[in-house]
Amino acid sequence: VQTCALPISGDPYGIPGNNVRCIYQDHLKNIWVGTNMGLTRFDPQTGRFMKVGQQGMMHDNNVFDIIEMPEDQLWVASDMGGISVVDLNTVTIEQPITYKEDVSVTLSSINTRSIERDGFGNIWIGNYSTGVDFIAANKQPLHTLLNYDQNHQTKRIYGVTSDRKGHVWLGGEDELQMSIDGKIVKSWNISKAMNRSHSFIMCLMADSHDNIWLGVEDDGTVKGVNVTDEL
């Protein structure tokens with residue numbers, strides 16, 4: 001058993017903090033120690049520590065978990081720094097170790113506590129303030145916009161178009177809908193503009209003046225007013 005001395009002020013090769021939160025060994029046999037004063041690499045040959053980053057960084061506030069990801073990327077969970085990444089390909093005995101500056105992992109909280117990668121490659125991240133974040137290994141190629149009527153039946157959509165402002169327009173049965181960022185924000189009943197009691201919007205087009213044109217089954221064409229107004 002090798003005992004590491006308590007941190008000594010000003011010692012560049014000592015452990016940065018006495019409160020050890022986690023210990024991890026990567027595939028290169030590097031030993032990483034998460035402390036209350038940040039992440040450090042321990043060299044068993046020399047008995048020295050090399051701290052990652054610089055004093056005063058956000059990552060110095062309690063490193064709780066460490067895990068190696070594909071492509072030799074070390075993910076580090078800290079209390080006030082979220083997820084930080086160390087590229088193991090850049091780690092040497094002589095050179096200072098720093099976090100990658102061009103990598104950002106978007107989370108619901110910066111108060112991360114744990115990281116786990118399951119057998120499917122999905123990543124689970126435990127947060128102190130917001131629960132669990134889930135990062136899917138394979139992004140879903142399709143996303144279904146939930147769109148139900150008052151009886152909780154799926155609405156039928158026949159025509160789709162978008163305008164210059166990024167709004168998506170959906171044509172259904174007696175109804176025109178506008179969606180922003182995947183959410184239905186407004187709808188219009190078109191039956192009052194039709195000659196029949198029941199109509200289907202089969203196709204839509206947004207022109208250069210932001211008017212919406214509707215092609216209606218068995219009822220011709222309807223020109224809507226500007227997208228900022230109601231039909």
Side-chain angles (χ1 to χ4, degrees), residues 69-71 73 75 77 81-83 85 102-231:
M69 294 294 181
E71 300 181 355
Q73 304 297 300
W75 281 30
I83 300 295
V85 179
D102 58 343
V103 175
S104 177
V105 181
T106 302
L107 302 173
S108 62
S109 169
I110 61 173
N111 308 123
T112 53
R113 290 294 188 272
S114 58
I115 315 170
E116 180 65 29
R117 186 170 184 266
D118 64 26
F120 299 99
N122 304 308
I123 302 171
W124 303 78
I125 299 174
N127 300 306
Y128 176 77
S129 54
T130 58
V132 178
D133 285 341
F134 176 79
I135 303 176
N138 298 314
K139 303 299 182 182
Q140 294 294 327
L142 297 175
H143 173 69
T144 301
L145 174 62
L146 300 180
N147 197 1
Y148 300 115
D149 60 20
Q150 59 184 2
N151 298 319
H152 207 67
Q153 298 296 315
T154 304
K155 291 184 178 181
R156 296 182 176 90
I157 301 299
Y158 299 92
V160 180
T161 192
S162 61
D163 59 37
R164 296 185 301 173
K165 296 182 179 180
H167 306 143
V168 176
W169 297 84
L170 310 174
E173 298 179 2
D174 294 326
E175 186 179 32
L176 172 66
Q177 296 179 312
M178 183 176 72
S179 171
I180 299 177
D181 295 332
K183 296 181 180 180
I184 304 298
V185 297
K186 204 167 187 178
S187 63
W188 296 264
N189 189 319
I190 67 165
S191 60
K192 61 184 179 181
M194 300 294 101
N195 295 318
R196 302 175 56 190
S197 60
H198 192 51
S199 303
F200 302 84
I201 302 176
M202 301 302 296
C203 59
L204 303 95
M205 183 194 75
D207 65 22
S208 58
H209 298 288
D210 293 330
N211 297 310
I212 302 298
W213 293 74
L214 315 178
V216 185
E217 179 77 3
D218 286 336
D219 219 337
T221 300
V222 175
K223 177 186 176 183
V225 296
N226 191 275
V227 299
T228 58
D229 300 322
E230 294 190 358
L231 289 174

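All values derive from a computational prediction rather than experimental measurement.
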Check: Got a sec, which pairs hit salt bridge (Lys or Arg N to Asp or Glu O under 4.0 Å) with one end in residues 116-133, sequence neighbours left out?
Finding: none
Check: Distance from Leu176 atom CG to Ile190 atom CD1, nearest 0.5 Å?
Finding: 7.5 Å
Margin query: Looking at Ser208, is its backbone amide N or carbonyl O close enough to the side chain of Arg164 to form a donor-acceptor pair, meaning the two atoms are under 3.5 Å apart?
Written below: yes
Next item on the list: Indicate the atoms forming the closest heavy-atom contact of Ser129 with Asn111, along with that distance.
Entry: OG-OD1, 3.3 Å
Check: Do Val132 and Trp124 have side chains that get closer than 4.5 Å, going by heavy atoms?
Finding: yes
Notebook entry, point to check: How many angstroms lie between CG in Leu170 and OG in Ser187, if you round to the nearest 0.5 Å?
Noted result: 10.5 Å
Item checked: Polar side chain donor-acceptor pair, Tyr158 to Glu173, under 3.5 angstrom -> yes
Next item on the list: Report yes if some heavy atom in the side chain of Met69 is under 4.5 Å from a heavy atom in the side chain of Ile123; otherwise report no.
Entry: yes
Item checked: Separation of Ser199 OG from Asp174 CG (nearest 0.5 Å) -> 5.5 Å
Margin query: Using side-chain heavy atoms (C-beta onward) and a distance below 4.5 Å, is Gln177 in contact with Ile157?
Written below: yes
Check: For atom CZ of Phe120, is the number of surrounding heavy atoms from other residues, nucleotides or ligands below 6.0 Å larger than 12?
Finding: no
Next item on the list: Mind checking the CD1-CD spacing from Ile83 to Gln73? Nearest 0.5 Å is all I need.
Entry: 13.0 Å
Checklist line | Under 3.5 Å: donor-acceptor pair, side chain of Asp163, backbone of Asp210 | finding: no
Check: What is the distance from atom CE of Met178 to atom CD1 of Ile184, rounded to the nearest 0.5 Å?
Finding: 9.5 Å
Notebook entry, point to check: Quick one: does Ser179's side chain have a donor or acceptor within less than 3.5 Å of a partner on Lys183's backbone?
Noted result: yes
Check: Does some side-chain heavy atom of Thr112 sit less than 4.5 Å from a side-chain heavy atom of Tyr128?
Finding: no
Next item on the list: Answer yes or no: is there a side-chain heavy-atom contact under 4.5 Å between Glu175 and Asn189?
Entry: no
Check: Is there a side-chain contact between Ile125 and Asn127, using heavy atoms and a 4.5 Å cut-off?
Finding: yes
Note to self: What I'd like to find out is whether the side chain of Ile135 reaches to under 4.5 Å of the side chain of Asn122, using heavy atoms alone.
What the structure shows: no
Note to self: For the aromatic rings, using the six-membered ring if either is Trp, is the centroid distance between Trp188 and Trp169 under 6.0 Å?
What the structure shows: yes
Margin query: To the closest 0.5 Å, what do you measure between CD1 (Ile212) and OG1 (Thr161)?
Written below: 6.5 Å
